[in-house]
Student: 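Submitted below is the structure of interest, expressed as structure tokens.
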Number of protein chains: 2
Amino acid sequence: MVTIKDIARKAGVSVATVSYVLNDRPVSDEMKAKVLKAIDELNYVPNEIARRLRVKKNHTIALVLPDITNPFYPDLAKGCQDVAKENGFTLIMINTEDKEEQLSGAVNQVRQGGIDGLILANAMEKDMAEVESLLETPIPVVFAHRSIESLAVDSVTADNYSGGYEAARHLIANGHEKIAFIEGLLGSTVSINRKKGFEAAMNDAELPLRPDWIVEGKTDYDTSYNGVMQLLNSSSNDRPTAIFSSSDLMAVGAMDAVKDAGMFIPDDVAIIGYDDLFMTSSLQLTTVHVPRYEIGRQAMQMLIEKINDKDTNESFQNIVLDTSLIVRNTCGSQRVY
Amino acid sequence: MVTIKDIARKAGVSVATVSYVLNDRPVSDEMKAKVLKAIDELNYVPNEIARRLRVKKNHTIALVLPDITNPFYPDLAKGCQDVAKENGFTLIMINTEDKEEQLSGAVNQVRQGGIDGLILANAMEKDMAEVESLLETPIPVVFAHRSIESLAVDSVTADNYSGGYEAARHLIANGHEKIAFIEGLLGSTVSINRKKGFEAAMNDAELPLRPDWIVEGKTDYDTSYNGVMQLLNSSSNDRPTAIFSSSDLMAVGAMDAVKDAGMFIPDDVAIIGYDDLFMTSSLQLTTVHVPRYEIGRQAMQMLIEKINDKDTNESFQNIVLDTSLIVRNTCGSQRVY
DNA sequence: TAAGGAAATCTAATCGATTAGATTGATTTT
DNA sequence: AAAATCAATCTAATCGATTAGATTTCCTTA
């Protein structure tokens, strides 16, 4: 491997001079030419690891998310990626799978050095302890999508409450009074707020919230499919006419369950989702658009600012992005299935 | 920041001893106890960057892919992630977006140090030059999904030729003789082989390959949608009865185009896709399953083996995984739209 | 022309770990 | 009891860069 010493020797200058050339410090044109020539001839590239050790800047950011396989996250990751790249940062992705270990892997990585900042897209109230220990480190952290409301943190989220409210309003405006709700991951602020929005709309319309019409969800297709199947069977004489799913992934599960139960959408059961995932448009699913890419972008922007003017300002920023209702056919008049 | 020196001082031993404890070298129980106590009390974590500089091992692998937002890749990435994690490696993701710069970013990262190996999931024949310069470095490289057939490399791919053949056979077995083909990214081995498989099946059945029924595709929904729309309009008196799309993303575009053109699937036009992306099952799309997660896993396994027994064997491995036809309704008898 | 000052360049310390090779001390062998 | 052996521990070099602070060079000014 060719090092800065080799360049110095070849060019007949000191390593300091080579370093100055590399870092655009004042150097005479003559020296600079010699150094550049040597660099070119030996095909030299500075060792980034040595540089990081000395300078204590890694230009590396970790993005922690539950599961890249969940189609919600790639867009968010892309937003992060793009901004990171624009600013010369490398991105490391850590999947926690919403499991036990959780953040601990990430926390360890951070403590080992090598990471200048973190974006957490998987925070849950139950991770408080680990999150707090993270916040004690000097490493800047920004929460994206999911936040922890009981803690003072920087965050970029979408307005889940009003999205939930609007979705429920839409169902109600279409004449539905018997509305079931598929709940998302328990303990995530995202699903909590979507549910609150739903409940507020129901209350404002003076409609009943029936506990047996709350399908305990997680995040996945299967849980939702099974839950809805059960809902449709068990309450055969007194069925909801609409289902509000707090995520598209689960809404698709609900659609398939309705269909497999031999019923029609939206005639028998209307369905509204949440997220506006890519293929839902082909499935005709009415849903709430969430600016996932933008969440990623802005979170990364905020983080990089924090990294750059470290300890400048100690106030916290909480950006909340708007959502919008995307009306398609699963709660309209045209039959989908 | 607390360093190994602080621990040595606190424990009253040399830094070497601390290092030995850290690295499980023989140390007396007495010393070990003292050191562990100091580590615990000062809450010390070794600096990974310093370690990397000295040992020249980074335990970091870069995964280069065109676009994490394309639903094909997250599963592959997850496969890589999981195996990397099992083996204590960190994963960096680089999106090239199939653009100009291409691999150059990755190549640079590699030359800077900090990366022990590369998985390329975005190789194309036209990147030969950059790929060759990569292969000249001592860094192991494994090709996943896309490979470069004219070069001796390690790779894990799916059997795109026989998948394409089987898909076309299925259409033909269902009585179709007029079959259009939506082509994937030009210059990618994946789409080349899928097309070859298609052509072989057509030839074997003595069916004509009409050039005007080849829709020039890229990878995306829109190009396909527009291409199919045009196909259906222009050849109104002599239309294909079936479309073989070389990717699901484009197949969905084709489905929507057929629908928007006021025709029915499969009655007027049958459609078969390729990839078996998640939501295609809800869309009833008949397709070819590609073991994406498994491709990622095996590629990472192969890479880590190469990293570990560097320079042991110099022969190349090319693993080709099986695909399987997933029959749903877009070429069957039951109407989808 | 000598002194003073600014700019360019160099020497050597440093970042925080690992690891040869030297040293120490305990144990075994004769 | 001295010599030989071996394991545990230490000292100091090292990885490849950056950067204070020292030194040199060159130009300005009196």
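The chains referred to below are lettered A, B, ... by the order of the sequence lines, with proteins before strands, and numbering in each begins at 1. As the structure is a computational prediction, the values presented were derived from the model and not from experiment.
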Student: Rounded off to whole Å, could you give me the CD-to-C1' distance for the B:Glu30 and C:dG25 pair?
Tutor: 13 Å
Student: How close or far is atom P of C:dT9 from atom NZ of A:Lys32, stated in whole angstroms?
Tutor: 11 Å
Student: With a 4.5 Å heavy-atom cut-off, do B:Val153 and B:Leu120 have their side chains touching?
Tutor: no
Student: Charged N to carboxylate O under 4.0 angstrom, B:Arg9 versus B:Asp6?
Tutor: yes
Student: Keeping the roles fixed (side chain from A:Asp75, backbone from A:Tyr293), state whether a donor-acceptor pair exists under 3.5 Å.
Tutor: no
Student: Determine whether a donor-acceptor pair (N or O, by modelled atom type, separation under 3.5 Å) exists between the side chain of B:Asp127 and the backbone of B:Ala123.
Tutor: no
Student: Is there a donor-acceptor pair closer than 3.5 Å between any side-chain N or O of A:Glu132 and the backbone N or O of A:Leu151?
Tutor: no
Student: Tell me what A:Val18 touches on the nucleic acid: a base, only sugar-phosphate, or nothing, going by heavy atoms under 4.0 Å.
Tutor: nothing
Student: Mind listing the residues from residues 41-62 of chain A sitting with a heavy atom below 4.0 Å of DNA chain C? Number order is fine.
Tutor: A:Leu53, A:Arg54, A:Lys56
Student: In whole Å, I'd like the distance from the OH atom of B:Tyr20 to the P atom of D:dA12.
Tutor: 14 Å
Student: Should we say atom NZ of B:Lys34 is surrounded by more than 12 heavy atoms from elsewhere, each under 6.0 Å from it?
Tutor: yes
Student: Between B:Ile39 (CD1) and C:dA17 (C1'), how many Å, whole number?
Tutor: 13 Å
Student: Return the nearest nucleotide to the side chain of B:Arg25; candidates are C:dT19, C:dT9, D:dT9.
Tutor: C:dT19
Student: Distance check needed: C:dG25 C1' versus B:Met31 CE, whole Å only.
Tutor: 12 Å
Student: Any luck finding a side-chain donor-acceptor pair between A:Asn318 and A:Ser155 under 3.5 Å?
Tutor: yes
Student: Please work out which of the three classes, parallel, tilted or perpendicular, describes the rings of A:Tyr73 and A:His145, given edges at 30° and 60°.
Tutor: perpendicular
Student: In whole Å, I'd like the distance from the CG atom of B:Asn23 to the C1' atom of C:dG16.
Tutor: 13 Å
Student: Looking only at side-chain N and O atoms, does B:Ser28 come under 4.0 Å of OP1 or OP2 in D:dA7?
Tutor: no
Student: Could you check whether A:Glu86 pairs with A:Arg297 (Lys NZ or Arg NE/NH1/NH2 to Asp/Glu carboxylate O, under 4.0 Å)?
Tutor: yes
Student: What residues in residues 2-17 of chain A put a non-hydrogen atom under 4.0 Å from any atom of DNA chain D?
Tutor: A:Thr3, A:Ile4, A:Ala16
